[in-house]
Amino acid sequence: MNNTLPIGTILKEPNGRAYRVEQVLGQGGFGITYKVSSSVMVGNVPTIAYFAVKEHFLKDACERSESNSFVVCSNPLKPRVEQSRADFFSEAKRLKSISGKNPGVVPVNEVFEDNNTVYYVMEYLNGGDLREWVKAKGSLPEEEALALFLPVANAVAFLHENKINHLDIKPDNVMFRVDYSGSNRTPVIIDFGLAKHFDEKGKPTSEIRVQGCSDGFAPVEQYAGLKEFSPQADVYALGAVLYFMLTGRVPEVSSDITEQKINAALPEGLSTNVRKAIIHAMAYRTDERTKSVNDMISEITSVQPSQAEAESAPEPPEFVPGEHTKVISQNKADNMVNDNIDSIDDKKPKSNSWIYFVISGVAAAILAICGWFAYEAGWFDFSSKSTDDVEQYQDDYDNYTKKCDNCKSLIEQGNDTNYEALINAKNVLMEIKNIESDFEDVNTGDLAFDRYKDLDNMLNPKLISAQQAWVDAAKAQELAEERTTAYEYYKIAFDLKPSEEIGAKMRELESYVK
């Protein structure tokens, strides 16, 4: 790579922290990324921690000074480089302001100037990237692909909530955070070199630079340059990433790919909702493309009513020529028989049939009166529950059903980012469990108080996933000596799913927080 800092170079930020360049991780059109080391204190023990540092460096406009590590450029290019550097600094500060609020977005610890350019310090991710993962394993099964994809999609949705377009979502820019045991692998979005922030009206808050495009992952309109906030540009890229995970192949460039090509490339047996979600996300025209990342997530995770009905609906009877005529003929014959019977009845002599009707009516009235007196006297117990009990059970069941529906809705909304929904769902689920225990030995007829287990099975995996994501984020903050933030993240993880290990970490950090 050209113009990279030599291994061993020391970068110094204003407060005195020093970072030693250990390795060049990558170089793009707008910057160079390094693996660096720095001395940190863990309690009273000094140790070496590793970080990633992004350096602003316009590949086609900047050079490295021969006498030192300064970044220089020729005078005609100076205005462009200075504007780009100012935008880089602004975007880096914005990333730092949202750092740690979503475990799927790489946390930024500090932003500083050195060597006549700008640097920002991030978590060093040691688990490789998504492209390497798919290359090693081949196309992924649907369940594994979605387990990796959905946290990435939630992270992009979080960026959009903060009016940030990433504009370079691709397998190379999804890296993995691997915990110390090596058993947990969390996908994290990196490389915000093309990212842009927009105001509430969708206008950029900094100068629009020439935008790069990654073939296969950028929508066709991005090649012409995006001037306004466009969630659909990132939606297209997410659809292409999921396509890549399921097929093991980079999609064709957006100007050439079609719905038919996407459908043919996706594996047989793929669930209908996932197939449709990818096709909708990668639509050529924006008016046909999925509007937002949350809409795409909903399309993937929602049960399709038409599909469920199709699975349960009986097959229509096979049409056999002539059968329809036979049915009509049989119906006609039946009607003829009935007509003949009626005509025979009409020909019977009319007897004193009215006397029988009168006697039958009087007898029925007497029986009804006797039955009423017997019921009032309590001779017959037609039900073990009074009318008041039944009405009360129905009211309780209506309340119970509302709680269950609310709980299910919170679970579906909840994820690593929206952890409050998961905590609320957990609290509602405890209320549901208590209601079910109250009716455990009560005969409520057809009113089934039995939804706790299904809801718990829906919620528990999400709690585990969210807990681990926030534990990983807390550990990263500890390494960066952001102990107060680390404590807050551990507390979120504990609220999601308490454990003695997390409780111990919180007690360990309490002294720093106080």
Side-chain angles (χ1 to χ4, degrees), residues 28-31 54 56 58 79-113 117-122 152-170 173 188-214 217-239 254 281 283 285-287 289-298 413 415-418 420:
F30 299 96
K54 182 81 175 262
H56 176 261
L58 286 184
R80 177 189 164 207
V81 171
E82 287 182 347
Q83 180 62 61
S84 176
R85 186 172 61 216
D87 291 347
F88 183 92
F89 186 86
S90 175
E91 298 296 343
K93 294 288 284 185
R94 186 164 286 107
L95 284 175
K96 184 177 185 298
S97 71
I98 64 171
S99 180
K101 295 180 180 179
N102 186 293
V105 176
V106 64
V108 172
N109 190 45
E110 56 186 336
V111 184
F112 64 93
E113 295 181 272
T117 190
V118 177
Y119 298 87
Y120 64 86
V121 183
M122 304 170 285
V152 174
N154 283 319
V156 177
F158 166 76
L159 293 175
H160 290 177
E161 289 170 7
N162 287 274
K163 292 294 186 291
I164 296 173
N165 256 150
H166 187 280
L167 301 176
D168 201 16
I169 303 293
K170 57 185 179 181
N173 288 339
V188 180
I189 297 172
I190 64 162
D191 198 345
F192 287 77
L194 299 183
K196 291 300 299 177
H197 180 261
F198 297 81
D199 61 22
E200 291 301 320
K201 295 181 179 179
K203 302 299 181 183
T205 56
S206 58
E207 192 74 19
I208 289 285
R209 304 186 295 271
V210 176
Q211 293 175 341
C213 294
S214 297
F217 299 95
V220 67
E221 69 270 15
Q222 191 170 331
Y223 287 85
L226 297 172
K227 305 297 183 184
E228 296 183 341
F229 183 50
S230 176
Q232 287 177 292
D234 287 338
V235 166
Y236 184 97
L238 284 171
S254 54
R285 293 163 54 96
T286 55
D287 59 349
R289 193 180 307 156
T290 312
K291 300 302 180 188
S292 71
V293 178
N294 285 330
D295 287 344
M296 183 182 182
I297 294 171
S298 295
Q413 295 171 35
N415 51 52
D416 297 354
T417 307
N418 189 11
E420 296 97 338

Closest non-hydrogen atoms of Cys213 and Ala218, given as atom of the first, atom of the second and distance, are CB-CB, 3.9 Å

Spell out, as yes or no, whether a donor-acceptor pair under 3.5 Å connects the side chain of Ser99 to the backbone of Leu95. no

To the nearest 0.5 Å, what is the distance between CZ on Arg80 and OG on Ser84? 7.0 Å

Side chains of Ser254 and Gln222, heavy atoms from C-beta outward: is any pair under 4.5 Å? no

Only one of Val106, Val188, Ile190, Asn109 clears side-chain contact (heavy atoms from CB on, under 4.5 Å) with Met122; which? Val106

Which residues share a side chain to side chain contact (heavy atoms under 4.5 Å, CB included) with Lys163, sequence neighbours left out: His197, Glu200, Phe229

Please report the closest heavy-atom contact between Leu226 and Glu221, naming both atoms and the distance. CD2-CG, 3.8 Å

Taking ring pair (Phe, Tyr, Trp, His ring centres under 6.0 Å) as the test, write out the residues that go with Tyr236, two or more places apart. none

From Ile98 atom CD1 to Glu161 atom CD, the distance as rounded to the nearest 0.5 Å: 10.0 Å

Measure across Asp87 and Lys196 and return the closest heavy-atom pair with its distance rounded to 0.1 Å. OD2-NZ, 4.4 Å

Could you tell me which residues satisfy ring pair (Phe, Tyr, Trp, His ring centres under 6.0 Å) with Tyr120, sequence neighbours excluded, listed by chain and number? Phe88

Are the side chains of Leu159 and Asn102 in touch, meaning some heavy atoms are under 4.5 Å apart? no

Are Arg285 and Asp287 close enough for a salt bridge, meaning some N to O gap below 4.0 Å? yes

How about Phe192 and His166: are their ring centroids closer than 6.0 Å? yes

Is there a side-chain contact between Thr205 and Arg94 in this structure, where contact means two heavy atoms from C-beta onward sitting under 4.5 Å apart? yes

In terms of heavy-atom contacts, Lys96 and Val108 come closest through CG-O, 3.8 Å

Derivation of the side-chain contact (heavy atoms from CB on, under 4.5 Å) call for Val235 and Lys291: CA-CA 8 Å; Val235 166; Lys291 300 302 180 188; over 6 Å; no

Between Gly100 and Pro107, what is the shortest heavy-atom contact and its length? N-CB, 4.4 Å

Is there a donor-acceptor contact under 3.5 Å from the side chain of Asn165 to the main chain of Ala195? no

If you look at every heavy atom in Ile169 and Phe217, which pair is closest and at what distance? O-CB, 3.7 Å

Just by modelled atom types, is the Ile164 backbone N or O under 3.5 Å from a matching donor or acceptor in the Asn162 side chain? no

From CA spacing to verdict: side-chain contact (heavy atoms from CB on, under 4.5 Å), His56, Phe89: CA-CA 9 Å; His56 176 261; Phe89 186 86; over 6 Å; no

Whether the Ser214 and Asp168 side chains hold a donor-acceptor pair (N or O, under 3.5 Å, no angle test) is what I'd like checked. yes

Would you say the side-chain atoms of Arg85 pair up with the backbone N or O of Thr117, donor to acceptor, closer than 3.5 Å? no

Working note: Leu58 + Phe30, criterion side-chain contact (heavy atoms from CB on, under 4.5 Å); need CA distance, chi angles, decisive distance, verdict. CA-CA 5 Å; Leu58 286 184; Phe30 299 96; 3.4 Å; yes

